[in-house]
Amino acid sequence: QKEVEQNSGPLSVPEGAIASLNCTYSDRGSQSFFWYRQYSGKSPELIMSIYSNGDKEDGRFTAQLNKASQYVSLLIRDSQPSDSATYLCAVNFPPGNTPLVFGKGTRLSVIA
Amino acid sequence: GAGVSQSPSNKVTEKGKDVELRCDPISGHTALYWYRQSLGQGLEFLIYFQGNSAPDKSGLPSDRFSAERTGGSVSTLTIQRTQQEDSAVYLCASSRRPDRGRETQYFGPGTRLLVL
């Protein structure tokens, strides 16, 4: 069974704080992981992709991957009200050439 | 360059009617995906086209749903005899040929379908 689990939230953080979004997946053989942001009424847009264990940083965003624990997270530093959105975790399950499986998303609210 | 485009942006139809939704992927992208997102819900995979391979139809919820992709580019999702539970946003995405699964999907703006 291909499953991607996320806490639906809402996750509320004050402006300037670090927001931590978590995602677990069901197949240890998965190789590719993506975070998408979706504003209300809009389509998802890619924020980050990560393929190797460890951290990957891009501006205020850091993706963290732990394949042994089947866990991927997204950290948003210096959170801004404009970061308020739903964040979708997506995983590419083996054999690889298959559609991504998306989690249901975590709704983030950054309070000014 | 141009992104994924979808038409119409909004569609209101009566129960029992057929609807066609169109997707134009990014030029050069060989993979095309259709998803459905109901209000407040996650993305529900519907169908996947990859090049000339047979499409992965495993996500289609019933035989009222079908999709085709002509010439490896434009795709049309058809819903026959629409029901009220078909009301949702239908999202199309495209990606370059998946290489070891490192595909980045780019989404279109979606078609908001309302079945009365």
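Throughout, protein chains are lettered first and strands after them, A, B, ... in sequence-line order, and every chain is numbered starting at 1.
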Problem set entry | B:Tyr35 and B:Phe107 aromatic ring geometry - parallel, tilted or perpendicular at 30°/60° bounds | tilted
Exercise. Side chain, backbone, both or neither: which part of A:Phe33 has a non-hydrogen atom closer than 4.5 Å to chain B?
Worked result: neither
For this session: Can you tell which part of A:Gln38 gets under 4.5 Å to a heavy atom of chain B, answering side chain, backbone, both or neither?
Result: side chain
For this session: Verify side chain to side chain donor-acceptor pair (under 3.5 Å) between B:Glu68 and B:Ser75, making sure each step is shown before the conclusion.
Result: CA-CA 6 Å; B:Glu68 62 179 19; B:Ser75 177; over 6 Å; no
Exercise. Who are the salt bridge (Lys or Arg N to Asp or Glu O under 4.0 Å) partners of B:Arg112, not counting sequence neighbours?
Worked result: none
Exercise. Between A:Ile47 and A:Tyr87, is any pair of side-chain heavy atoms under 4.5 Å apart?
Worked result: yes
Problem set entry | Contact origin within B:Glu44 toward chain A - heavy atom pairs under 4.5 Å | neither
Exercise. Under a 4.5 Å heavy-atom cutoff, which of A:Ser30, A:Pro44, A:Ser40 has the most pairs with chain B?
Worked result: A:Pro44
